[in-house]
Amino acid sequence: MKQLLNVTIFFTGIVLFASCKEAYEPQTSEAKGNLLVIEGVLSNGGLTSIRVSRTRPLNAPIETPELRALVSVESESNQRFILTEKDRGEYTVQVSLNPSEKYRLRVKTSKGSEYLSDFVSVKNTPPIDEITWEKNEKGLNIYIDTHDPQNATRYYRWGFEETWRRTVLNSNWEYVNGAFQPRKIPTHPTCYDTHIGNPLTLFSTVKLVEDVVSKARVNFIPVGSHKLADKYSILVKQYALEKGAYEYWENMKKNTEQLGSIFDPQPSYMYGNIRSVSDPAEMVVGYFSACNVTEKRIFITAQEAKWTYSPSAQCELQEVLAADFEDTFGTGPGRLGWIPIGQIAFRPDWYAVKSIACADCGPNFIKPVWWR
């Protein structure tokens, strides 16, 4: 078993990004993946989201969601909550928990394999005191302050959801079947892009006299980023952890920092609190926790941050002869997609075009209800 653990290579399916420092060449068939990954927090009073997926082979582009699984939460007193598959591999439910009880997660796949977590206590997460930011020559750091007057939390984890507004030029033309034609429905000039941030920002106050977190960095925006070209918002989510959960995520973070992102091969298997009931020898990736989740949002404008944004060359307008569009700016393999902005005056066969990445909101044109 020890030898097997030392050579086990797997990918986890938790949303996180980082750059790879050096190539890692696996020497085991375990690199083929297919380990079950279960990630999520049972949220007291909020929306619980549990993601179930399979690890992927090294060259696969994405992890494989586990579809049509039966996912439920059970209390020690045999109360049961059924989760609904909201999206591919994402199972959700909204419940109010009894803080005096313990809860566990049960997952049964469509092929009949069953998995069970340990019973966990419902941790009480203190509110976020303040979110602040500071700008320096490298970019803008976003910090969080929090504290627990009862000195009972001690282990913290944060994630965030960031949204930024950007403006693009309206496209009044489109290129269809080899020809330009006026759009029936123009594109949207204002976009609201959203990104789910790093879930492995951790902090422990165990070595401190008081349970106080001061200026823990939860996000960084590098100089010149388009995220602050107009207006930016970040929603920080705070989770109280039990010691075992903190140690699990800390080990995951260390591996991630050494090898790249959480999607990259990990050097060894890390035990969570979820096991296979069907096959005790099967390895399972993930840790199940329960707590109430506290949140806080701030907005930052480019003017407040004195932010300078210079669009890249691909975001500049280009002029193209209609007859040359497909060869020069087409959307074939290996080419950037371009979108016609408008016809050039006094040159009826010429069009102003811009890259799709810089001119089209796609589905992200709807203003969030909370935006101000």
Side-chain angles (χ1 to χ4, degrees), residues 10-16 34-55 63-125 155 157 159 196 199-200 237-252 262 269-293:
F10 64 90
F11 290 97
T12 62
I14 307 165
V15 180
L16 178 67
N34 206 39
L35 300 181
L36 192 72
V37 178
I38 302 175
E39 192 273 334
V41 175
L42 179 59
S43 178
N44 185 14
L47 181 67
T48 292
S49 177
I50 304 295
R51 183 164 292 278
V52 186
S53 61
R54 292 280 175 179
T55 57
E63 74 277 7
T64 304
E66 189 70 23
L67 306 179
R68 299 180 299 279
L70 300 177
V71 181
S72 61
V73 172
E74 304 168 350
S75 71
E76 286 185 310
S77 61
N78 295 322
Q79 188 177 17
R80 191 176 184 219
F81 307 104
I82 306 297
L83 281 73
T84 302
E85 187 168 10
K86 175 185 176 182
D87 199 1
R88 291 172 56 84
E90 181 184 5
Y91 301 83
T92 62
V93 70
Q94 188 157 354
V95 295
S96 293
L97 306 176
N98 183 349
S100 64
E101 283 219 64
K102 292 185 177 182
Y103 296 85
R104 68 181 178 184
L105 181 71
R106 185 182 295 272
V107 175
K108 188 173 184 179
T109 68
S110 59
K111 294 184 179 180
S113 298
E114 195 164 3
Y115 304 85
L116 200 61
S117 77
D118 295 338
F119 278 107
V120 296
S121 300
V122 181
K123 295 284 291 183
N124 180 49
T125 305
Y155 301 101
R157 180 166 73 99
I196 306 299
L200 292 187
K237 299 185 178 183
Q238 181 166 276
Y239 307 85
L241 301 178
E242 57 186 18
K243 182 181 179 182
Y246 178 84
E247 291 173 345
Y248 175 85
W249 292 115
E250 188 176 42
N251 287 334
M252 182 69 75
I262 209 166
Y269 180 74
M270 289 172 294
Y271 285 102
N273 64 348
I274 306 171
R275 65 187 183 280
S276 171
V277 177
S278 306
D279 180 6
E282 181 182 352
M283 297 178 181
V284 185
V285 180
Y287 202 105
F288 179 68
S289 301
C291 68
N292 62 302
V293 181

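Because only heavy atoms are used, hydrogens play no part in the values below, and waters and symmetry mates are left out as well, while side chains stay in. All residue numbers refer to positions in the sequence shown, counting from 1. A quick note: this is a predicted structure, and the numbers were derived from the prediction, not measured.
- Residues T48 and V41 approach most closely at CG2-O, 3.5 Å, considering heavy atoms.
- Two residues are said to be in side-chain contact when any heavy atoms from C-beta on lie closer than 4.5 Å; L116 and L105 fail this criterion.
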Quiz item: Would S49 and E90 count as a side-chain hydrogen bond (donor to acceptor under 3.5 Å, both in side chains) if you check the C-alpha gap in whole Å, the side-chain angles of each, and the deciding distance to 0.1 Å?
Solution: CA-CA 7 Å; S49 177; E90 181 184 5; 2.7 Å; yes
Practice problem: Assess whether side-chain hydrogen bond (donor to acceptor under 3.5 Å, both in side chains) is satisfied between Y115 and E282, documenting all intermediate values. | Solution: CA-CA 10 Å; Y115 304 85; E282 181 182 352; 2.7 Å; yes
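- A donor-acceptor contact shorter than 3.5 Å is absent between the side chain of Y239 and the backbone of V293.
- Looking at every heavy atom in both residues, T125 comes nearest to N292 through OG1-O, 2.5 Å.
- One finds the OG1 atom of T109 at 9.0 Å from the CG atom of L70 (value rounded to the nearest 0.5 Å).
- Residues S77 and E101 have side chains that bring a donor and an acceptor to within less than 3.5 angstrom of each other.
- A distance of 9.0 Å separates OH in Y287 from CG in L241, rounded to the nearest 0.5 Å.
- Remark: K123 does not engage E242 in a salt bridge, criterion side-chain N to carboxylate O under 4.0 Å.
- Interatomic distance, CD1 of I50 versus CD of E66, reported as 14.5 Å (0.5 Å rounding).
- Of all non-hydrogen atoms in S72 and I82, the two that sit nearest each other are CB-CD1, 3.9 Å.
- Between atom CH2 of residue W249 and atom OG of residue S289 there is a gap of 8.0 Å, rounded to the nearest 0.5 Å.
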Self-check item: Step-by-step side-chain hydrogen bond (donor to acceptor under 3.5 Å, both in side chains) determination, Y155 to E250
Solution: CA-CA 11 Å; Y155 301 101; E250 188 176 42; over 6 Å; no
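- Nearest heavy atoms, F288 versus V120: O-CG1, 3.5 Å.
- Formation of a donor-acceptor pair under 3.5 Å by the E85 side chain with backbone atoms of G89 is found in this model.
- In this structure a side-chain-to-backbone donor-acceptor pair under 3.5 Å is missing from S278 to S113.
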Quiz item: Between T92 and L83, is a side-chain contact (heavy atoms from CB on, under 4.5 Å) present by the stated rule, with each step listed?
Solution: CA-CA 5 Å; T92 62; L83 281 73; 5.8 Å; no
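- A donor-acceptor pair under 3.5 Å is formed between the side chain of Y103 and the backbone N or O of N98.
- At least one donor-acceptor pair under 3.5 Å links the side chain of N44 to the backbone N or O of L97.
- Annotation: side chain of I274 is in contact with side chain of V284 (closest heavy-atom distance under 4.5 Å).
- Each of R106, R275, K108 was checked for a salt bridge (Lys or Arg N to Asp or Glu O under 4.0 Å) with E114, and the lone residue meeting it is R106.
- Across every non-hydrogen atom of L67 and Y91, the tightest pair is C-OH, 3.5 Å.
- Side chain of R104 to main chain of F119: no donor-acceptor pair is present (N/O by atom type, distance under 3.5 Å, no hydrogens or angles).
- Shortest non-hydrogen contact noted between S121 and K102 is OG-CE, 3.4 Å.
- When side chains are defined from C-beta on, T55 counts as touching V37, because their heavy atoms get closer than 4.5 Å.
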Quiz item: Run the side-chain contact (heavy atoms from CB on, under 4.5 Å) check on V95 and L42 step by step: do they pass?
Solution: CA-CA 9 Å; V95 295; L42 179 59; 4.3 Å; yes
